[in-house]
Amino acid sequence: MLKKNYQFKKVLSKGKHFSGKNIEAFIFDNNKKINFLGLAISVKVGKSVRRNHLKRLIRENYYRLEEKIKTGKSIVFLWNKKSDIKNANFYSIKEDMESIFSKANMFEIGNIYEKSIN
């Protein structure tokens with residue numbers, strides 16, 4: 001888990017940017033055998049209950065996909081300010097995360113659908 005400000009700044013400044021409908025991701029190589037996850041949701045999105053709910057949804061989706069993605073990355077997820085928070089549900093975030101990881105070639109086989117067939 002990324003917690004320090006300098007860790008977030010490094011990933012946001014040097015990482016590659018990928019965007020979905022609701023979430024954006026910055027992915028940076030960390031040269032370790034595990035992935036580090038960071039979540040940043042602006043205060044402008046809503047009050048703390050809503051922000052923490054979004055974090056839980058993003059975190060749960062990530063943990064479900066974690067065994068299928070490559071290791072050695074630092075990943076920061078941001079909520080897209082322009083998207084409506086009412087559209088946030090588990091499945092929309094799941095679709096965004098799958099499309100982001102497939103664009104970034106983060107899946108072990110290359111595509112999540114190939115892995116589910118085998």
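A quick note: this is a predicted structure, and the numbers were derived from the prediction, not measured.
K94 meets the salt bridge (charged side-chain N to carboxylate O under 4.0 Å, His left out) test with no other residue; sequence neighbours excluded. In this view, R64 and E60 satisfy the salt bridge (charged side-chain N to carboxylate O under 4.0 Å, His left out) rule, not counting sequence neighbours.
Atom CZ of R56 and atom CG of N61 lie 13.0 Å apart (nearest 0.5 Å). With rounding to the nearest 0.5 Å, the separation of CE in M97 from CD1 in I23 is 4.0 Å. In this structure, CD1 on I93 lies 4.5 Å from CG on L57, to the nearest 0.5 angstrom. Going from atom CD of E67 over to atom CD of E108 covers 10.5 Å, rounded to the nearest 0.5 Å. To the nearest 0.5 Å, the span separating CZ on F26 from OG on S13 amounts to 9.5 Å. Distance check, rounded to the nearest 0.5 Å: CD of E24 to CG of L12 gives 10.0 Å.
F77 and Y63 end up in the same hydrophobic cluster when Ile, Leu, Val, Met, Phe, Trp and Tyr side chains are linked at under 4.5 Å. Note on L65: it clusters hydrophobically with I75, by side-chain heavy-atom contacts below 4.5 Å among ILVMFWY residues. Residue I85 is grouped with residue L39 when hydrophobic side chains (ILVMFWY) are merged at heavy-atom distances under 4.5 angstrom, including chains of intermediate members. Residues I100 and F28 do not share a hydrophobic cluster, defined by chaining ILVMFWY side chains whose heavy atoms lie under 4.5 Å apart. Hydrophobic cluster membership is shared by I58 and F101, with clusters built from Ile, Leu, Val, Met, Phe, Trp and Tyr side chains linked at under 4.5 angstrom.
In terms of heavy atoms, G20 sits closest to N80 at O-ND2, 4.3 Å. When all heavy atoms are compared, the tightest approach of K86 to R50 is CA-NH2, 4.3 Å. Here the shortest heavy-atom pairing between L2 and V76 reads CD1-CG2, 3.6 Å. Nearest heavy-atom pair across N89 and S92 is OD1-N, 2.8 Å. Listed here is the closest heavy atom pair of V11 and S74: CG2-CB, 3.6 Å.
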Checking side chain to side chain contact (heavy atoms under 4.5 Å, CB included) for the pair N52/K55: CA distance, chi angles, key distance, verdict?
CA-CA 5 Å; N52 289 330; K55 288 181 195 178; 3.9 Å; yes
Exercise for review: Would you please test K32 and T71 for side chain to side chain contact (heavy atoms under 4.5 Å, CB included) and show each step?
Suggested key: CA-CA 8 Å; K32 304 218 164 107; T71 58; over 6 Å; no
Apply side chain to side chain contact (heavy atoms under 4.5 Å, CB included) to the pair L54 and V45, showing each step before the final yes or no.
CA-CA 10 Å; L54 288 174; V45 171; 3.9 Å; yes
Practice task
Start with the C-alpha distance between M1 and R59, add both sets of side-chain angles, then the distance that settles side chain to side chain contact (heavy atoms under 4.5 Å, CB included), and finish with yes or no.
Solution key: CA-CA 11 Å; M1 202 68 177; R59 206 176 290 122; 3.9 Å; yes
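Using modelled atom types, one side-chain atom of D96 and one backbone atom of N22 make a donor-acceptor pair closer than 3.5 Å. A side-chain donor-acceptor contact under 3.5 Å links S102 to the backbone of E98. Remark: side-chain polar atoms of K103 are paired, donor with acceptor, to backbone N or O of S19 under 3.5 angstrom. A donor-acceptor pair is defined here as one N or O able to donate and one able to accept, closer than 3.5 Å; such a pair exists between the side chain of Q7 and the backbone of K3.
A side-chain hydrogen bond (donor to acceptor under 3.5 Å, both in side chains) with K73 is found for exactly one of N30, N31, N35, D29, namely D29.
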